[in-house]
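The block underneath contains the structure these notes are about, expressed in structure tokens.
Bear in mind that the values here come from a model prediction, so they are computed numbers and not experimental data.
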Amino acid sequence: MLTGKQLKEKILQGSDSITISILDWNQIVKELNVTLLNCNITCRVSKSVVGAITGYMSSGSIYQCEVKGGVYDSSGFSLGGMVGWHHNGLIHDSKCETKLKVNSTENYGELIAFPEKAASYGVQNCETNVTIDKPCVAAGTHITLADGRQVPVETLTGNEMLLVWNLETGSFDAAPILFIDSDPWQSYKVIDLAFSDGTSVKVIYEHGFWDYDLNEYIYLNDDAAQYIGHWFNKQRTDGNGNFMSQRVQLTGVTVRNEYTASYSPVTYGHLCYYVNGMLSMPGGIEGMFNIFEVDAETMRYDEEKMQAEIEKYGLFTYEEFAELVPVTQEVFEAFNGEYLKVAIGKGLIDCETLNRLAERYAEYLN
């Protein structure tokens, strides 16, 4: 455990990077009033404590520091951030990057959770960059492999080829898994979607589905009931073993807490895949799909309109894109990076969001 004395020594020695667990910090502020200046601070948090770098802090100050880390837990404990339940002391000219689990019910730990109260907390001239975790489908959901077999999502190794829908050709296709994001077994708010053919899909936070009524992918989440009656894309196999698409109607939405795990595969180049037979898109990547208009009859990009938008906005080269979002060429190609210039031009996404996504998935893509 880092003591207050050791921390003070590090500061006096001019350390520019200090890692402090929240439990250490709580002990430190009991020992002495600590002032941090020009530090890069990484917060490691414990599920038993609310707040982060200044959680339960009654005194001490932070000046011109960059604070990273912290997680809001799904149980509702607000574990991330910079202010926590900060009472006295000051935070000046600092930046906070915190990781927010969207199924949290409280926001006490984030720097700007209560912006109207920021001044009373002694927060001045500070910025917050919030990274959002967006889980996807629950354990037990079946993913369709390229050969038509369905396997539980939790059994995927990442080496499989998945069945996808190719919007450039308007046909079924196969794609490798780029990565599988996951969150551990715990209690989640689950949205159970029921469809007219008896299909059920358990979504955690949000998951995209192809909506025939709107002719695009839409995210279904805890307000999915507004889409009851819409028709969605379901894959089936005919008597000869050929893949076919059919329309099934959303008939019911049930929201409840359930103990499960969350998984979110992403496929190379297409991003989509089939969950319990439903054509779907992973959560958290809004703005990276629905870039071009699709012909409703063929479920293929409208080539004329697509070309017109490309002429209007242009396409990224890898070199241009990498100057804005530093990723490898493989990642650029995997996420159809050339088309993101159109997405930015149309206001569907911005470079700041793309950089946050690149940081979010860096552990999977490096």
Side-chain angles (χ1 to χ4, degrees), residues 136-137 141-150 161-178 193 195-197 199 201 203 206-220 224 226-251 264-283 285-310 313 315 333-340 342-343 346 348-349:
C136 219
V137 293
T141 302
H142 282 75
I143 306 299
T144 306
L145 304 182
D147 61 8
R149 290 180 296 128
Q150 292 190 349
M161 295 289 288
L162 301 187
L163 184 69
V164 300
W165 184 262
N166 188 329
L167 286 171
E168 297 200 4
T169 63
S171 62
F172 290 98
D173 205 339
I177 296 172
L178 185 59
L193 306 172
F195 296 90
S196 55
D197 69 335
T199 299
V201 181
V203 169
E206 69 177 11
H207 195 67
F209 295 84
W210 183 266
D211 186 327
Y212 281 113
D213 294 70
L214 300 176
N215 196 40
E216 64 181 8
Y217 287 105
I218 65 166
Y219 276 137
L220 295 182
Q226 66 180 300
Y227 297 104
I228 289 177
H230 283 220
W231 294 86
F232 293 85
N233 183 292
K234 172 77 183 290
Q235 175 267 327
R236 66 179 180 86
T237 305
D238 67 13
N240 297 318
N242 299 312
F243 297 137
M244 307 287 291
S245 292
Q246 69 178 93
R247 299 183 181 215
V248 296
Q249 196 172 37
L250 181 64
T251 57
S264 183
V266 177
T267 58
Y268 188 101
H270 301 278
L271 310 181
C272 65
Y273 50 99
Y274 288 83
V275 296
N276 291 350
M278 304 296 298
L279 178 57
S280 71
M281 189 68 68
I285 58 171
E286 189 171 8
M288 302 186 74
F289 55 90
N290 292 337
I291 297 174
F292 301 108
E293 189 170 330
V294 174
D295 182 280
E297 295 299 319
T298 63
M299 276 191 64
R300 180 179 180 179
Y301 288 137
D302 184 310
E303 292 185 7
E304 184 176 340
K305 293 180 179 178
M306 179 180 180
Q307 188 57 40
E309 291 190 328
I310 289 174
Y313 298 108
L315 297 174
E333 295 171 355
F335 284 94
N336 304 310
E338 62 178 353
Y339 295 151
L340 292 176
V342 178
K346 294 174 70 173
L348 303 177
I349 200 166

In Å and rounded to the nearest 0.5 Å, what is the [atom1] to [atom2] distance from [X] to [Y]?
X	Y	atom1	atom2	answer
E168	N336	CD	CG	7.0 Å
C272	H270	SG	NE2	7.0 Å
D213	R247	CG	CZ	8.0 Å
N233	Y212	CG	OH	3.5 Å
L167	D295	CG	CG	11.0 Å
N215	W210	CG	CH2	5.0 Å

Taking the side chain as every heavy atom from C-beta outward, state whether [X] and [Y] have any pair of such atoms under 4.5 Å apart.
X	Y	value
V275	I143	yes
I218	F232	yes
V201	F209	yes
L271	M281	yes
L340	I291	yes
L279	M299	yes
Y268	L162	no
F172	Y274	yes

Any idea which heavy atoms bring [X] and [Y] closest together, and the distance?
X	Y	result
Q150	N276	NE2-C, 4.2 Å
D173	N166	OD2-ND2, 2.9 Å
S171	T169	OG-OG1, 2.7 Å
C136	H207	SG-ND1, 2.6 Å
G283	S264	N-OG, 4.4 Å

Within the supplied structure, the quantity of interest is the number of heavy atoms (other residues, nucleotides, ligands) at a distance under 6.0 Å from [X] [atom1]; does it exceed 12?
X	atom1	answer
R149	CZ	no
E304	CD	no
Q246	CD	yes

Return the set of residues passing ring-ring contact (aromatic ring centres under 6.0 Å, His included) with Y313 (not counting sequence neighbours), or none when no residue passes.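 Per chain and number, Y313 pairs via ring-ring contact (aromatic ring centres under 6.0 Å, His included) with no residue.
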Taking only residues two or more places apart in sequence, or in another chain, which ones meet Y339 in a ring-ring contact (aromatic ring centres under 6.0 Å, His included)? F292
Does any pair with a residue in residues 226-235 pass salt bridge (Lys or Arg N to Asp or Glu O under 4.0 Å), and if so which ones, sequence neighbours excluded? D197-K234
Would you check, one step at a time, whether the test side-chain contact (heavy atoms from CB on, under 4.5 Å) holds for L250 with L193? CA-CA 7 Å; L250 181 64; L193 306 172; 4.1 Å; yes
Decide yes or no on side-chain contact (heavy atoms from CB on, under 4.5 Å) for Y273 and I177, but give the supporting numbers first. CA-CA 10 Å; Y273 50 99; I177 296 172; over 6 Å; no
Residues L220, V203; criterion side-chain contact (heavy atoms from CB on, under 4.5 Å); working and verdict: CA-CA 8 Å; L220 295 182; V203 169; 5.6 Å; no
Test item: [X] side-chain N/O and [Y] main-chain N/O as donor-acceptor pair under 3.5 Å:
X	Y	value
D211	E216	no
Y217	F289	no
Q235	G277	no

